[in-house]
Amino acid sequence: MTDPAHGAQHSAAAFHAVYGAEPHGTWAAPGRVNLIGEHTDYNDGFVMPLALPHTTIAAAAPRTDGVLRLHSAGAPGGTVALHLDDLRPAPDAGWAAYPAGVVWAMREAGHPVGGADLHFTSTVPLGAGLSSSAALEVATALALDDLHGLGLPRAELARLAQRAENAFVGVPCGIMDQTAAACCTAGHALFLDTRDLTHRHVPFDLGAQRLRLLVVDTRVRHRLGDGAYAKRRAGCERGARALGVRALRDIPYAHLPEALAALPPEPDLRALVRHVVTENHRVEQTVAHLDAGRPRAIGPLLTAGHASLRDDFRVSCPELDLAVEAAGAAGALGARMTGGGFGGSALVLVDEDAARPVTEALHTAFATAGHTPPRIFPAVPGPGARRLTP
Ligand code: ADP
Ligand code: MG
C-alpha cells in the first residue's frame, strides 16, 4: 500500500475513527535507503540517500487547549495524550517520544507550535534500517509547520527532527535520515555534505537505464542503542583527535597511508579510520559516475563499501553478508548493507533482466542457511516530504 492517494484517504478516515472529526490535512514523509556513504555522517562526511515510495502519513488538526494527542495505527497502546507544558526529554517513553520530541524541539527553537491531534499510518518497515523514525519525525514536523503557517525551510525541519531524536528520544543519530525524508526529490539521490549540510540532487533514473535497485530487508532487527554505535563513533573521534583534524572527513583519500601510519597502535583504530576515509572517497566516485551517466559503474563501489563495513568497521551480520554474497554470485552489479548495520537491510543493484533470478537466488540462499525469509522489494527514488491533502 504505497499509493499516496489511497494512503491519504485511509489516513484521514483513521483519524476520524480515533478523534471523531476531520483532520485539517495529511502530510507524508518517506523512508529512505542510503545508496552509499555509511557511518560517514558523524564524521562530517558525505552520504547519498534516496527516498523510498514507502511513507509515513500524518493526519493532523490543531487544538487550542495545549494538549497533544498522538495515535499510531502501527503501535500498541492506543492514544497518548500529553500537555505541552509537560514535554520533557524522556528516553524509554516509547514510540510517542518521536513526534512529541518534534513538538518539543520546535517549541524550544521558539516556534509558536500549539496543541494538536495527530494520527499516523505508515508503510515504512519499522526498525529495518529504512528510517521509519525519521519518516515519523519529518511527517510530524511538516504537518505542524503547515498547520501553524511557519514556512520553515526543509533543512531546518530536518534539523529540528534530528534534535528531537538526539535530545528527546535519546538516539545519537546523524542528520542524514531526516534530511533525506525532508529534502529528497523523485528520480534522484541526494548528495549531502553533512558538514555544512549543502546538498545536490544527482539524477538516478533507474528505469531509463534498465536497472533495478532491490532492497533486501533481512528482518534482523538492529539495536543501535546498545553501545556498538557509540563505541565506533567514539573511536572515530579519537582517530580525528590523534590526527589533529576536526573530523575524519578532513583526511584526504590521497593521504590515507600517512594518516594510518601516524595513528597510535590502538586496536581497531586504523580500521575505523580506513573505512571512513575510503567510504567518503567511494561516495565522491559514485557521484562522478552518476553525473557522467554511468550508473552501472557504481556496482563495484557498492560491493567494496560492503567489504569495508564488514571487515574494517565491523557492523555487518551473517544475513547481510549472505545477501551481498548471494546477489553477487547470481549476477548483481553490486550490493551492500545499508543503514547502521547489525541487521536491517541490504541493497542490490541489478540489470532489469537479472532482478528475478537474483531475487530467487536470495530466497534460496536464505532458506538454505536457515535464516528467516527476507522481504525483497524494488526501490525507485521517490519524492521527499509533502502535503497530500487537501
Ligand atoms: P528505523 O528508523 O531504521 O526504522 P529506529 O529504531 O530508528 O529504526 O526507529 C524505529 C522506531 O521508531 C520504532 O520502534 C517506533 O518506536 C518508532 N516508529 C517509527 N515509525 C512509527 C510509526 N509509524 N508508528 C509508531 N512508531 C513508529
Ligand atoms: Mg531510525
Side-chain angles (χ1 to χ4, degrees), residues 1-2 7 10-11 14-15 18 26-34 38-39 41-42 47 49 51-52 54-60 68-80 90-102 118-143 158 161-182 215-230 315 317 320 337-347 375 379 385:
M1 207 194 63
T2 53
H10 172 74
S11 160
F15 181 100
V18 170
T26 56
W27 292 262
R32 62 97 189 96
V33 282
N34 189 22
E38 216 63 77
H39 287 278
D41 64 343
Y42 49 86
V47 296
L52 292 172
H54 305 68
T55 59
T56 296
I57 300 178
L68 179 65
R69 292 198 293 178
L70 304 165
H71 188 105
S72 170
T79 306
V80 176
D92 306 322
W95 77 271
Y98 293 85
V102 171
L118 287 156
H119 183 281
F120 303 97
T121 53
S122 185
T123 54
V124 186
L126 267 56
L130 303 174
S131 211
S132 68
S133 59
L136 177 58
E137 292 151 11
V138 171
T140 305
L142 187 64
Q162 183 206 14
R163 178 149 160 72
E165 189 155 342
N166 289 169
F168 198 93
V169 183
V171 177
C173 60
I175 189 71
M176 166 171 68
D177 298 348
Q178 292 81 6
T179 307
V215 174
V216 183
D217 174 5
T218 64
R219 298 181 188 265
V220 179
R221 291 304 176 237
H222 61 160
R223 265 272 124 249
L224 292 182
D226 71 356
Y229 176 92
V315 289
C317 68
L320 288 168
M337 54 159 274
T338 181
F342 306 110
S345 301
L347 54 83
R375 199 166 88 89

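Heavy-atom basis, side chains included; hydrogens, waters and symmetry copies ignored. Counting starts at 1 for both ligands and their atoms, in listed order. Numbers here are sequence positions counted from 1.
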ask   = Looking at side-chain heavy atoms only, is the closest gap between Pro99 and Leu136 below 4.5 Å?
value =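 With C-beta onward as the side chain, the pair touches.
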task = Would you mind reporting whether Asp177 and Glu137 have side-chain heavy atoms less than 4.5 Å apart?
result =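 Not touching, per the 4.5 Å side-chain cut-off.
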key: ligand 1-proximal atoms of Phe120, by part, heavy-atom distance under 4.0 Å   =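 Near ligand 1, Phe120 shows nothing, with every heavy atom at 4.0 Å or more.
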Under 4.0 Å from a heavy atom of [X]: give me the atoms of ligand 1 that qualify, with their elements.
X	value
Gly127	1 (P), 4 (O), 8 (O)
Ser72	22 (C), 23 (N), 24 (N), 25 (C)
Ser122	23 (N)
Leu136	18 (N), 19 (C), 20 (N), 21 (C), 26 (N), 27 (C)
Leu130	3 (O)

inquiry  = Taking N, O or S atoms only and a limit of 2.8 Å, check whether Ser131 reaches the Mg ion (ligand 2).
reply    =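 No.
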Min N/O separation Gly129 to ligand 1 under 3.5 Å =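 Between Gly129 and ligand 1 (N or O atoms, distance only) the closest approach is under 3.5 Å.
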key: Close N or O approach (Thr56, ligand 1; < 3.5 Å)   =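 Min N/O separation from ligand 1 is not below 3.5 Å for Thr56.
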message = Can you confirm whether the side chains of His71 and Thr79 place a donor and an acceptor under 3.5 Å from each other?
response =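 Present: a donor and an acceptor within the cut-off.
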Side-chain donor or acceptor of Thr123 paired with backbone N/O of Thr55 under 3.5 Å =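 Indeed, once roles are kept as given, a pair shorter than 3.5 Å links the two residues.
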request  = Would you confirm whether Glu165, through its side chain, and Tyr98, through its main-chain N or O, come within 3.5 Å as a donor-acceptor pair?
outcome  =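 Side chain of Glu165 to backbone of Tyr98, a donor-acceptor pair under 3.5 Å: no, none is there.
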Sub-4.0 Å heavy-atom contact, Tyr98 with ligand 1 =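 It does, in that a heavy atom of Tyr98 comes within the 4.0 Å cut-off of ligand 1.
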message = So, 4.0 Å and heavy atoms of Ser131: is ligand 1 close enough to count as a contact?
response =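 Ser131: in contact with ligand 1 (<4.0 Å).
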message = Quick test of your reading of the structure: of Gly344, Ala134, Ser133, Gly77, whose heavy atom lies closest to atom 7 (O) of ligand 1?
response =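 The nearest heavy atom belongs to Ser133.
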query = What is the distance from atom NE2 of His10 to atom OG1 of Thr26, rounded to the nearest 0.5 Å?
reply =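 If we round to the nearest 0.5 Å, His10:NE2 and Thr26:OG1 are 12.0 Å apart.
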query = Between Cys317 and Phe342, what is the shortest heavy-atom contact and its length?
reply =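 Scanning both residues, the minimum pair turns out to be SG-C, 4.1 Å.
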ask   = By salt bridge (charged side-chain N to carboxylate O under 4.0 Å, His left out), which residues pair with Asp41, not counting sequence neighbours?
value =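 Residues passing salt bridge (charged side-chain N to carboxylate O under 4.0 Å, His left out) with Asp41: none at all.
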